[in-house]
Asker: 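I am attaching a structure below and will ask some questions about it afterwards.
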Amino acid sequence: MISNQIKRLIVIAGPTAVGKTDFAIKLAQYLETEIISADSRQFYKELNIGTAKPSPKELSLIKHHFIGSHSIHDYYNVAQFETEVLNLLDSLFKKYNEVIMVGGSGLYIDAVCNGIDELPDVDEELRQELNEIYEEEGITAIQEKLKFLDPEFYETIDKSNPKRIIRALEVCIATGQKYSEQRSNKNKERSFEIIKVGLNKDREQLYERINLRVDQMVSSGLVEEATGLFESRHLNALNTVGYKELFDHFLGNITLEKAIEKIKTNSRRYAKRQLTWFRKNESYKWFNPNELEEVIDLIKRT
RNA sequence: GGUACCAUAGCUCAGUUGGUAGAGCAACGGACUGAAAAUCCGUGUGUCCCUGGUUCAAAUCCAGGUGGUACCA
């Protein structure tokens with residue numbers, strides 16, 4: 001009976017600190033289902049306070065996936081996430097008609113919803129080589145390389161963004177083909193339907209919540225957590241708001257007070273970037289986090 | 001109560017011999033397919049405290065008021 005029904009993925013997205021975790025748990029309780037986290041920092045088992053992971057109590061209420069599922073020492077990327085989530089959904093949809101995916105990492109959500117092109121993973125050595133060229137010879141050096149290897153892509157790319165340029169170069173060099181020719185610009189077919197819910201609040205209220213939450217993180221021991229991770233600060237997983245500012249303080253560059261202030265500022269900016277990402281996607285229906293009933297209505301009607 | 005100094009963007013402040021204003025931070029808008037809490041691009045948002053005066057023209061000079069700070073009583 002259950003297996004004949006249409007399967008649906010309910011995506012809950014929105015800026016940091018808007019109240020996604022709590023909302024998703026309530027919705028999961030109503031739908032009697034499980035939650036997949038789409039948060040590129042909550043994957044890491046070593047990061048807890050600074051990533052605002054659901055609490056042990058919250059985790060005991062509803063089964064969560066991709067919370068603390070990986071280590072900061074392991075390489076991880078969006079494509080792996082897409083594969084792992086699709087596999088997981090296969091099994092979850094055998095038990096449930098609806099599954100919830102909640103998170104703030106737009107790229108990761110899109111990879112699950114629309115798919116991502118099959119391109120080679122990063123070759124660490126090649127990336128390092130290109131980074132060295134960038135650091136030693138400047139952005140012009142890598143711009144010129146890309147202009148030569150993939151002029152079409154070079155024309156459309158953000159030319160002052162070194163990470164974009166280096167990624168495109170990696171693909172061109174690793175495959176011997178142009179990056180632009182390997183991108184399909186097509187969404188992959190999914191065997192399930194997707195309902196996208198965006199959560200947002202008044203900007204002023206959101207910022208108050210962000211500021212308050214940072215203070216709470218500090219009282220819960222964020223500084224101590226960061227101290228324990230100081231030796232790992234070079235890892236990509238720790239290029240993260242809440243940690244990098246404290247590392248800067250440990251290095252003696254800024255006061256603790258200043259570091260905390262910067263965590264707040266950087267969190268606000270992160271929230272803004274998240275909103276930019278989600279807003280341009282017209283398939284999101286927007287709600288205030290206190291509108292659980294309205295979202296349930298939407299799910300029933302759709 | 002008296003004297004001095006100050007009042008310009010959300011904040012801290014610049015502003016020349018009078019020609020309706022600009023820096024840092026904050027903020028705002030955007031881009032983004034294997035680093036994405038990353039990375040990158042763009043944008044001054046103003047009753048120059050108020051009222052009156054001088055002047056072709058006032059943030060700027062003058063008078064008064066209001067608010068603040070310091071010192072003296």
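Within every chain, numbering begins at 1; the chains are lettered A, B, ... in the order of the sequence lines, protein sequences first and strands thereafter. On a predicted model such as this, the values are computed, not experimentally measured, just so you know.
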Asker: Give every donor-acceptor pair under 3.5 Å between a side-chain atom in residues 295-302 of chain A and any protein atom, sequence neighbours left out.
Answerer:
from: A:Lys300; atom 1: NZ; to: A:Tyr30; atom 2: OH; distance (Å): 3.4
from: A:Thr302; atom 1: OG1; to: A:Leu298; atom 2: O; distance (Å): 2.5

Asker: Need one value for A:Thr240: base, sugar-phosphate or nothing, where a base atom within 4.0 Å counts as base even if backbone is also close, heavy atoms only.
Answerer: base
Asker: In whole Å, I'd like the distance from the CD1 atom of A:Ile157 to the P atom of B:U39.
Answerer: 16 Å
Asker: Looking across every strand, which nucleic acid part, if any, lies under 4.0 Å from A:Phe43 by heavy atom: base, sugar-phosphate, or nothing?
Answerer: nothing
Asker: If you assign A:Asp121 and A:Asn239 each to the RNA chain B nucleotide with the nearest heavy atom, which residue ends up on the more 5' nucleotide?
Answerer: A:Asp121
Asker: For a quick test of reading the model: is some side-chain N or O of A:Tyr179 closer than 4.0 Å to OP1 or OP2 of B:G34?
Answerer: yes
Asker: For A:Glu124, which contact category applies under a 4.0 Å heavy-atom criterion: base, sugar-phosphate, or nothing?
Answerer: nothing
Asker: Closer than 4.0 angstrom, basic N to acidic O: yes or no for A:Lys26 and A:Glu58?
Answerer: no
Asker: May I have the distance from A:Tyr108 (atom OH) to B:A35 (atom P), rounded to whole angstrom?
Answerer: 8 Å
Asker: Within this structure, what is the CD-to-P distance between A:Glu245 and B:A38, rounded to whole angstrom?
Answerer: 8 Å
Asker: Rounded to the nearest Å, what distance is computed from the CG atom of residue A:Asp39 to the C1' atom of nucleotide B:A35?
Answerer: 15 Å
Asker: Output the rounded distance in Å from CD (A:Gln143) to C1' (B:C41).
Answerer: 13 Å
Asker: Can you tell me how far P in B:U33 sits from the matching atom in B:U12, rounded to whole Å?
Answerer: 41 Å
Asker: Rounded to whole Å, please give me the gap between CD in A:Glu261 and P in B:C11.
Answerer: 15 Å
Asker: Any ion pair linking A:Glu245 and A:Lys258 (charged N to carboxylate O, less than 4.0 Å)?
Answerer: no
Asker: Classify A:Asn266 by what it touches in the nucleic acid, base, sugar-phosphate, or nothing, heavy-atom distance under 4.0 Å.
Answerer: nothing
Asker: If the threshold is 4.0 Å, N to carboxylate O, is there a salt bridge linking A:Arg167 and A:Glu170?
Answerer: yes
Asker: Donor-acceptor pair, A:Lys244 side chain versus A:Leu238 backbone, under 3.5 Å?
Answerer: no
Asker: Rounding to a whole Å, what distance do you find between A:Tyr75:OH and B:G34:C1'?
Answerer: 5 Å
Asker: Please give the distance between the C1' atoms of B:A70 and B:G29 as a whole number of Å.
Answerer: 44 Å
Asker: RNA chain B: A:Arg167 or A:Lys258, which has the more 5' nearest nucleotide?
Answerer: A:Lys258
Asker: Can you tell me how far C1' in B:U47 sits from the matching atom in B:U8, rounded to whole Å?
Answerer: 12 Å
Asker: Using links of under 4.5 Å between side-chain heavy atoms of ILVMFWY residues, direct or through other members, which residues join A:Ile166 in one cluster?
Answerer: A:Leu119, A:Leu126, A:Leu130, A:Ile133, A:Tyr134, A:Ile139, A:Ile142, A:Leu146, A:Phe148, A:Leu149, A:Phe153, A:Tyr154, A:Ile157, A:Ile165, A:Leu169, A:Val171, A:Ile173, A:Tyr179
Asker: Please report, to 0.1 Å, the donor-acceptor pairs under 3.5 Å made by any side chain of residues 59-68 of chain A, with sequence neighbours excluded.
Answerer:
from: A:Ser60; atom 1: OG; to: A:Lys57; atom 2: O; distance (Å): 2.6
from: A:His64; atom 1: ND1; to: A:Ile62; atom 2: O; distance (Å): 2.9
from: A:His65; atom 1: NE2; to: A:Glu34; atom 2: OE1; distance (Å): 2.7

Asker: Wobble G-U and Watson-Crick pairs count when both distances are under 3.5 Å; given that, what is the 5' to 3' dot-bracket string of RNA chain B, with | for pairing to other strands?
Answerer: (((((((..((((.....[..)))).(((((.......))))).....(((((..]....)))))))))))).
Asker: For A:Arg209 and A:Ala17, indicate whether the former's side chain and the latter's backbone hold a donor-acceptor pair under 3.5 Å.
Answerer: yes
Asker: Taking only the C1' atom of each, what is the distance from B:G46 to B:G22 in whole angstrom?
Answerer: 11 Å
Asker: Name the nucleic acid region contacted by A:Tyr243, choosing base, sugar-phosphate or nothing; use a 4.0 angstrom heavy-atom cut-off, strictly under.
Answerer: nothing
Asker: Which part of the nucleic acid does A:Gly50 contact within heavy-atom distance under 4.0 Å: base, sugar-phosphate only, or nothing?
Answerer: base
Asker: Check every strand shown and say whether A:Asp123 touches a base, only sugar-phosphate, or nothing at a heavy-atom separation below 4.0 Å.
Answerer: nothing
Asker: What string of B, S and - do you get for nucleotides 27-32 of chain B 5' to 3' if you count protein non-hydrogen atoms under 4.0 Å?
Answerer: SBBBBB
Asker: What I want to find out is whether A:Lys264 reaches A:Asp215 closely enough, with some N-O distance under 4.0 Å, to be called a salt bridge.
Answerer: yes
Asker: What integer number of Å spans the P atoms of B:C50 and B:G10?
Answerer: 14 Å
Asker: Give the nucleotide from the list B:U39, B:A35, B:U33 with an atom nearest to the side chain of A:Asn131.
Answerer: B:A35
Asker: Say we look at B:A38 and B:A7: how far apart would their P atoms be, to the nearest angstrom?
Answerer: 39 Å
Asker: What's the gap between B:C48 and B:G15 when it is taken at their C1' atoms, as a whole Å value?
Answerer: 10 Å
Asker: Base, sugar-phosphate, or nothing: which does A:Asn114 touch, judged by heavy atoms less than 4.0 Å apart?
Answerer: nothing
Asker: Enumerate the ring pair (Phe, Tyr, Trp, His ring centres under 6.0 Å) contacts for residues 105-126 of chain A, please, sequence neighbours excluded, ordered by first and then second residue.
Answerer: A:Phe43-A:Tyr108, A:Phe81-A:Tyr108
Asker: Are A:Arg273 and A:Tyr270 in a cation-pi contact, defined as NZ or CZ under 6.0 Å from the six-membered ring centre and within 45° of the axis?
Answerer: no
Asker: Considering only the P atoms, how many Å lie between B:C6 and B:A14, rounded to the nearest integer?
Answerer: 10 Å
Asker: Atom CD1 of A:Ile109 to atom P of B:A38: distance rounded to whole Å?
Answerer: 16 Å
Asker: Would B:G34 be called syn or anti here, given the cut-off of 90° from 0?
Answerer: syn
Asker: Please pick, from B:U39, B:A35, B:A36, the nucleotide with the shortest atom-to-atom distance to any side-chain atom of A:Leu107.
Answerer: B:A36
Asker: Between A:Glu98 and A:Arg8, does any side-chain N to carboxylate O distance fall below 4.0 Å?
Answerer: yes
